[in-house]
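Protein chains get the first letters and strands the later ones, always in sequence-line order, with residue 1 at the start of each. Predicted, not measured: the structure shown is a model, and the values here were computed from it.
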Amino acid sequence: MNPTTLKLFHGIGRYGVLLALLALILVGWLRYENFLGAFNVLSVLRYNSMFALVALGMCFVIITGGIDLSVGSTAALGSVVAALLSPYGVLPGLLGGLAAGLAVGACNALIITRLNILPFITTLATMLAASGCALLLAENQSVSVSYESGFTELGQGDFLGFPVPAWIALVAYLVGSLVLNLTSFGRTVLAIGGNEDAARLMGLPATRVKALVYLASGGLAGLAGVILAAQFGAGQPIEGVGWELFAIAAVVVGGTLLTGGVGSVGSTLAGVLLLGLIFNILNFENGLGWISLSAYWQSVIRGAFLLLVVAIQARLSMRAEEAAS
Amino acid sequence: MAESATTLPPAQRAPRFDIRLGLTRYGAWIALAMLILVNLAVTPNFATWQTLNVNLTQVCTIVIVAVGMTLVIATGGIDLSVGALMAIAGALAPLIFLGKLFPLPHPAVGIALAFVVPVLVAAALGWFNGWLVTRLRIQPIIATLVLFIAGRGIAQVFTNGNLQVFNLPSFQFIGLGRVFGIPFQAILMVVIVAAAAWMLRRTVFGRQILAIGGNEKAARLAGIPVVSVKQRVYLISGLLSGIAGLIVIARNSAADANLVGLGMELDAIAAVAVGGTLLTGGRATVIGTLVGALIIQLVRYTLLANGVPDAAALVAKAVIIVLAVWLQRQSHR
Amino acid sequence: MAPLLTMHGIDKRFAGIPALRAAELVVEKGEVHALIGQNGAGKSTMIKILTGYYRKDAGEISFDGKPAEFSSPQDAQRAGISTIYQEINLVPYRSVTENICLGREKRRFGLLDWPAMHAEARALLARFNIDIDVHRPLMAYPTAIQQMVAIARAIGFEARLVIMDEPTSSLDEREVEVLFGVIRQLKAAGVSVIFVSHKLDELYAVCDRVTIMRDGRTVQVAPLAELSRLDLVTAMLGRELTQVLQDGHDAGDPDSEARQPVLKVANLAVGRKVRDVSFEVRPGEIVGLAGLLGAGRTESVRAVFGADKPDAGTVTFAGSDNRIAAPSDAIRAGMGFCSEDRKLEGIIPDMSVRENLTLALMPQLARRGIVDEGRSQEIVDRFIKRLGIRCAGPEQRIRELSGGNQQKVLLARWLCMNPKLLILDEPTRGIDVGAKAEILSLIRELAGQGLGVLMISSELEEVVEAASRIFVLRDGHTAAELKGDAVNEQSVMAAMAHGHEDSREEAHG
Amino acid sequence: QDLPKLKQKEKYKVGFAQTESNNPWRIAQTESMKAEAAKLGHQLVYTDAAGSAAKQVADVNSMIAQGVDLIFLAPREEKPLIPAVMAAKKAGIPVVLLDRNVDQSLAKAGRDYVTFIGSDFVDEGKRAGEALTKAVNGNAKIIQLEGTTGSSPANDRRKGFEDYIKAHPGMKVVASQSGDFARDKGRQVAETLLQAHPDATAIYAHNDEMAIGAIAALEAAGKKPGKDVIVVSVDGTRDALQAIIDGKMLATVACNPKFGPKAFETLARYAKGEKIEPWVINTDRFFDKSNATQLIADAY
Ligand SMILES: Nc1ncnc2c1ncn2[C@@H]1O[C@H](COP(=O)(O)OP(=O)(O)OP(=O)(O)O)[C@@H](O)[C@H]1O
Ligand SMILES: Nc1ncnc2c1ncn2[C@@H]1O[C@H](COP(=O)(O)OP(=O)(O)OP(=O)(O)O)[C@@H](O)[C@H]1O
Ligand SMILES: [Mg+2]
Ligand SMILES: [Mg+2]
């Protein structure tokens with residue numbers, strides 16, 4: 001890529017995803033009744049907060065130039081552990097799910113930094129392993145959470161009229177953004193993605209930071225698992241399929257480069273909302289009754305939409321590149 | 001000029017055999033050998049022809065897809081759409097030979113077209129992936145994610161999600177036929193592996209693939225037509241996925257757009273990685289991929305035949321993948 | 001007084017091949033110590049062992065009187081050793097400030113204090129007379145600036161010892177002078193410096209003592225003043241090499257003036273930097289392209305080679321104006337281009353020397369797409385011999401070669417094609433004196449056989465020595481064309497600084 | 001709080017939250033719902049959760065937001081769909097469950113949702129066990145091909161079957177592995193298990209697709225399905241019936257996917273104010289040699 005356009009590209013990435021998001025909201029508002037009603041908005045936020053957490057971890061991982069395919073099954077494992085511990089109260093459930101996520105993250109970190117195995121294959125393996133552990137712990141079934149302990153408030157409750165999971169995600173994004181932009185940890189994350197060898201020669205603690213990033217991704221996935229258990233009242237060992245791809249797509253749509261070194265936390269959130277809204281819009285479209293879309297057409301449309309967004313982004317950045325050089 | 005060079009003392013070669021080097025080169029083979037030994041010891045009825053037969057036929061589709069994946073990965077890319085392309089090819093073939101798309105003048109024409117058209121369509125979609133990667137410069141994971149999401153949907157739309165059942169031995173030869181008692185699909189697999197391995201080592205195209213994966217900018221400046229090489233590689237991956245799709249439906253006497261090739265991308269990538277190909281590109285071995293796929297297949301067989309519960313099997317599979325890849329990576333610093 | 005650093009009996013093998021054998025290095029407090037040797041002698045390896053990037057096989061290191069064993073560059077940095085590595089090792093996507101301040105960020109209330117860091121970056125760069133926008137990503141700046149940023153970063157640490165591994169290979173003379181000023185300041189402040197360079201003049205300008213390495217051994221340690229250039233070279237190469245220092249000013253083929261140009265570039269414009277560049281190269285002629293850093297030389301030749309798209313102008317190659325839209329077109333037409341950044345745009349690190357060498361030749365080596373291994377082997381062997389490429393064998397991975405030897409492989413990549421025109425962007429960057437002489441004489445020899453050569457070099461001396469004609473670029477314009485007696489350092493320097501409108505008229509007349 | 005009422009109207013806007021549509025059974029179910037809605041002139045809002053219980057809850061929420069009159073929900077799982085049922089109730093929208101129930105300790109028919117229309121997976125497994133036991137006189141070494149690990153039909157069909165054969169000491173499950181409800185996977189798993197357990201005399205598959213795969217595996221291993229090894233399964237697809245007719249399969253317990261008529265009949269009854277029983281049983285059939293030939297035309 002031409003040097004001078006990097007900022008531009010990045011700006012447009014951020015810009016593009018926001019524009020697409022606004023356009024989608026506008027279409028929804030004009031076309032469907034109750035689309036912007038409080039009920040729909042809040043339930044979309046409540047549901048997508050899980051993906052937002054997972055995507056936040058993915059965002060950091062991708063900025064270091066890595067990838068984490070294990071987030072989906074880590075969330076499933078987290079939900080099972082949280083559900084098993086929920087009878088003991090809110091805190092044990094919360095910490096349990098988090099710990100399960102951190103455990104998977106620690107495995108990833110150790111394998112990647114100590115055994116020097118590429119993140120793609122490492123997390124592919126831990127994806128299988130976490131899913132296996134979830135099924136073993138849950139004995140192949142969904143695990144009920146305790147409704148008495150108040151644990152479900154973490155997923156189903158509201159605080160100041162706003163869903164609790166959405167609050168959690170919001171706080172996580174604020175912290176994430178702060179860490180990336182205003183701490184040396186965040187700067188090191190960016191440096192590792194730009195050129196890991198250089199970062200190491202520059203005397204940065206590259207190994208430690210990389211390990212921490214995978215740990216954080218695991219932890220956030222575990223937290224998403226806690227919300228999953230609380231929101232649906234059950235730990236679900238077979239949930240989480242395809243979450244990793246959703247998260248990767250959201251991060252990329254948000255303008256972060258998969259090659260690492262550049263990225264933004266805020267536009268990742270926009271990416272999550274954008275992709276999340278597509279499902280919602282498709283459901284509303286079905287409700288109009290003009291066309292009753294089969295599930296098959298829905299996936300074709302989702303694929304086409306993803307293509308459209310990334311293609312527009314690619315064109316914009318190419319244009320910017322030409323203009324700048 | 002020539003004399004001045006002789007002033008440099010000849011560099012010394014490593015005289016002794018380096019164990020770590022050996023591990024790297026033969027890691028996958030060692031893992032495979034160990035698996036076979038373990039099986040001979042614990043798995044009932046392992047040393048039989050039928051076992052070999054079962055494993056060979058089961059591994060074929062993974063190997064065929066993984067060969068294409070190896071080439072894509074060698075250029076520094078990845079192809080998530082292989083499973084979806086298998087489904088498209090698999091859905092298309094019966095539509096053709098059952099005459100649902102267009103009337104057939106003669107059944108033989110239908111069968112011939114059913115071999116050719118789906119594979120070409122898959123290849124064309126592979127080319128489309130390559131187009132997204134090279135022309136629109138979309139990152140490979142995302143570019144192929146598009147067809148990963150939409151591709152199976154397209155196959156389901158063709159068939160409205162319905163199972164297409166058939167019984168057509170001449171078509172099903174590709175999945176069920178035998179030549180001198182050897183399953184035809186296994187022969188096809190060997191031919192594809194041999195051709196790809198030879199291509200990667202001995203042809204200009206093979207070198208170009210590796211050069212692009214090794215350093216794309218340098219490759220371009222050395223006159224390598226990066227765009228067309230990459231497009232061809234994705235096309236090959238699509239084409240091989242198409243063939244694999246046909247094999248799957250042929251051996252099942254049914255095409256199920258919902259399930260053909262489901263999860264194949266991960267199996268193929270795992271086989272490539274376990275086989276010793278560098279996932280970042282630039283270094284690749286097709287024979288390694290074959291060995292990698294055999295390892296994965298054998299792990300699956302071992303766990304199933306010994307009654308390991310599915311959940312535990314997942315964990316075991318993960319451990320074995322990590323171990324196998326770790327064996328490969330010993331030489332790196 | 002005890003020395004600041006002692007490295008004693010250092011051994012290091014890579015995959016069984018020795019890179020260092022009982023090497024020694026002693027650096028006193030407050031001295032500038034030169035570390036020299038042929039390409040592949042082990043200088044960079046020695047440095048990387050000191051900073052803990054590689055682990056040594058044997059030997060002792062003591063730093064500041066205490067035994068020292070750094071386990072990572074981070075460790076070494078903490079102990080007060082600040083290093084500029086041979087290949088620029090910074091983070092291209094990140095801003096200049098970040099590249100300078102990473103690892104010792106300024107904080108306020110536990111969070112990063114950006115204004116203070118920008119100010120610090122600006123202040124450090126000001127010591128080098130550099131005034132740039134520190135917010136922009138590093139990759140937006142030319143190699144020279146990046147190199148200066150790397151240096152600024154290194155001296156920004158409160159270091160006791162600053163190591164510079166070929167810091168000047170991508171700097172021009174003005175900048176080198178600035179750097180020397182800073183080195184003298186460091187010395188005055190009691191900081192020791194290890195200085196690696198292949199340019200002997202530079203050593204005499206700043207260094208106090210010298211350690212000479214050959215084949216992984218330390219062969220001589222002495223005050224620099226006691227050694228002549230000839231002594232240095234003899235110790236480095238292990239033999240007398242009279243012809244190296246014997247500057248012949250015979251540039252190419254004397255009849256070339258009469259021939260039709262093989263390359264004619266008129267009014268070329270590319271991007272923002274190159275606005276109006278014209279030059280030509282005749283067969284058998286070595287043409288130099290001179291200019292200050294950032295004058296647009298690289299951009300011009302990249303466009304000629306089809307690597308970038310020109311906005312305006314005509315490029316006529318070999319008489320036809322077949323459009324050259326991509327490097328593959330240019331190569332097919334008989335052009336070769338050795339780019340200035342060998343790590344990013346030259347080598348394919350994981351491929352063998354053989355594969356790297358024959359990369360561009362491959363289509364020709366092949367019959368119906370199948371590579372002819374026999375012929376490729378033969379060509380590779382020939383060029384390894386001819387250029388004196390030091391490697392364990394043609395199958396060694398090129399990333400394991402020393403920088404200079406990598407450069408030779410890249411040169412061979414183009415030479416083996418028998419091109420009509422060879423474009424060399426900084427061809428001798430990082431190459432030792434012996435090899436440089438060999439490469440230059442090889443280029444001359446080839447020019448004598450009718451090859452046209454277009455050479456960019458930041459070393460004026462080298463251009464003047466090799467070229468029979470020089471085009472001087474300034475701010476994206478062709479500022480002057482010099483030939484015959486006008487080819488001398490004074491006139492080139494004058495043209496670079498002020499332009500030379502008359503000669504320019506002449507060029508187009 | 002009471003069950004929400006449904007006004008009597010000519011045409012309704014009805015939601016149908018399907019679980020997934022990746023197998024013939026689900027497709028037949030969806031088709032039946034769509035056809036019936038079209039016949040009666042109702043507007044059907046259809047969503048597909050693609051196998052995710054969480055997404056199904058979100059789907060139900062989007063139906064609530066669109067203000068449908070009633071929701072037919074085919075719950076992906078017993079427990080995680082409770083929040084969807086409760087949200088609909090809170091929004092005043094009655095819910096009718098199809099083909100799977102929700103956890104009875106958390107939600108009750110007649111209080112939280114109108115009713116459950118469907119069959120009983122556990123019972124299906126039990127009936128398959130019964131048929132097999134009878135056919136082999138209580139003596140068999142059985143290979144079980146399970147559905148997708150962790151999915152409720154797999155768990156229930158396994159439970160029903162294993163509970164039943166517990167009473168028959170001659171009936172032994174020698175191997176039990178997942179074939180993911182898929183023909184290809186079922187075939188591969190059967191091939192492997194037959195290698196490891198060549199003495200197996202019966203195969204119980206959790207659905208017909210895997211059973212058909214197992215039959216192919218048997219034939220490839222040189223065994224005669226229906227003679228050397230007896231095959232039973234669940235579903236009642238056309239292919240399975242054909243296999244029964246061909247003598248390759250013993251029986252299949254039908255699980256009828258055609259929910260449309262019953263579902264909309266229940267809607268009409270509820271709108272009229274009738275009291276609905278908590279479990280509207282959708283009759284399952286049982287196919288074996290005796291009736292397969294007559295009924296194959298009806299199969300999906
Ligand atoms: N990572 C490596 N793997 C294998 N061999 C290596 C590696 N790094 C260096 N070498 C070998 O060690 C020897 C010393 O290399 P080094 O880079 O230290 O030379 P140098 O003196 O810095 O040369 P230059 O002047 O060209 O930079 C060379 O023969 C080189 O091929
Ligand atoms: N399209 C491009 N792709 C990659 N790198 C480029 C491109 N255009 C320019 N560059 C790099 O940007 C840098 C800017 O060039 P620079 O300012 O050094 O000009 P120059 O006149 O070539 O100077 P010099 O050759 O003396 O370094 C160069 O290092 C060049 O290699
Ligand atoms: Mg060096
Ligand atoms: Mg340049």
Correct closest heavy-atom pair for D:Ala54 and A:Tyr47 would be O-CE1, 3.5 Å
Rounded to the nearest 0.5 Å, the CG atom of A:Asn280 sits from the OG1 atom of D:Thr47 at a distance of 11.0 Å
For A:Leu135 and D:Thr149, the nearest pair of non-hydrogen atoms, with its separation, is CD1-CG2, 3.8 Å
Nearest heavy-atom approach of D:Pro80 to A:Ala234 is CG-CB, 3.8 Å
Taken to the nearest 0.5 Å, the spacing of D:Ser62 OG from A:Glu285 CD works out to 12.5 Å
To the nearest 0.5 Å, atom CE of D:Met63 lies from atom CG of A:Asn286 at 8.5 Å
Got D:Pro83 and A:Gln231 here, is their nearest side-chain heavy-atom distance under 4.5 Å? no
Between A:Asn34 and D:Gln66, is there a donor-acceptor pair closer than 3.5 Å when you use the side chain of the first and the backbone of the second? no
Should we say atom NZ of D:Lys108 is surrounded by more than 12 heavy atoms from elsewhere, each under 6.0 Å from it?
-> yes
Whatever's closer than 4.5 Å to a heavy atom in chain D on A:Val44 counts as neither
Is A:Glu33 atom CD crowded by more than 12 heavy atoms from other residues, nucleotides or ligands, each under 6.0 Å away? no
Nearest heavy-atom approach of D:Ala53 to A:Glu239 is N-OE1, 3.2 Å
| said: Using modelled atom types and a 3.5 Å cut-off, is there a donor and acceptor pairing between side-chain atoms of A:Gln141 and backbone atoms of D:Ser152? | reply: no
Over 12 non-hydrogen atoms of neighbours within 6.0 angstrom of NZ in D:Lys9:
yes
Okay, D:Lys55 and chain A: the region with an atom under 4.5 Å from a heavy atom over there is both
Review point. Side chain of D:Lys79, backbone of A:Ser142: donor and acceptor closer than 3.5 Å?
Key: yes
(request) Any chance you could lay out the side-chain contact (heavy atoms from CB on, under 4.5 Å) test for D:Ser52 and A:Val241, step after step, and finish with the verdict? (result) CA-CA 8 Å; D:Ser52 159; A:Val241 178; over 6 Å; no
| message | For A:Phe162, I'd like to know if atom CZ has over 12 heavy atoms of other residues, nucleotides or ligands within 6.0 Å. | response | yes
Separation between CD (D:Gln56) and CZ (A:Phe232), nearest 0.5 Å, reads 10.5 Å
Okay, A:Glu139 and chain D: the region with an atom under 4.5 Å from a heavy atom over there is neither
ask   = Do the side chain of A:Tyr147 and the main chain of D:Leu106 share a donor and acceptor less than 3.5 angstrom apart?
value = no
Most heavy-atom pairs under 4.5 Å with chain A, out of D:Thr30, D:Ile82, D:Asp59, D:Thr148, belong to D:Asp59
Turns out that what part of A:Phe279 lies under 4.5 Å from chain D's heavy atoms comes down to side chain
Tightest non-hydrogen contact, residues D:Asp103 and A:Ser144, listed as OD2-OG, 3.9 Å
d(D:Asn61 CG, A:Asn283 CG) to nearest 0.5 Å is 10.5 Å
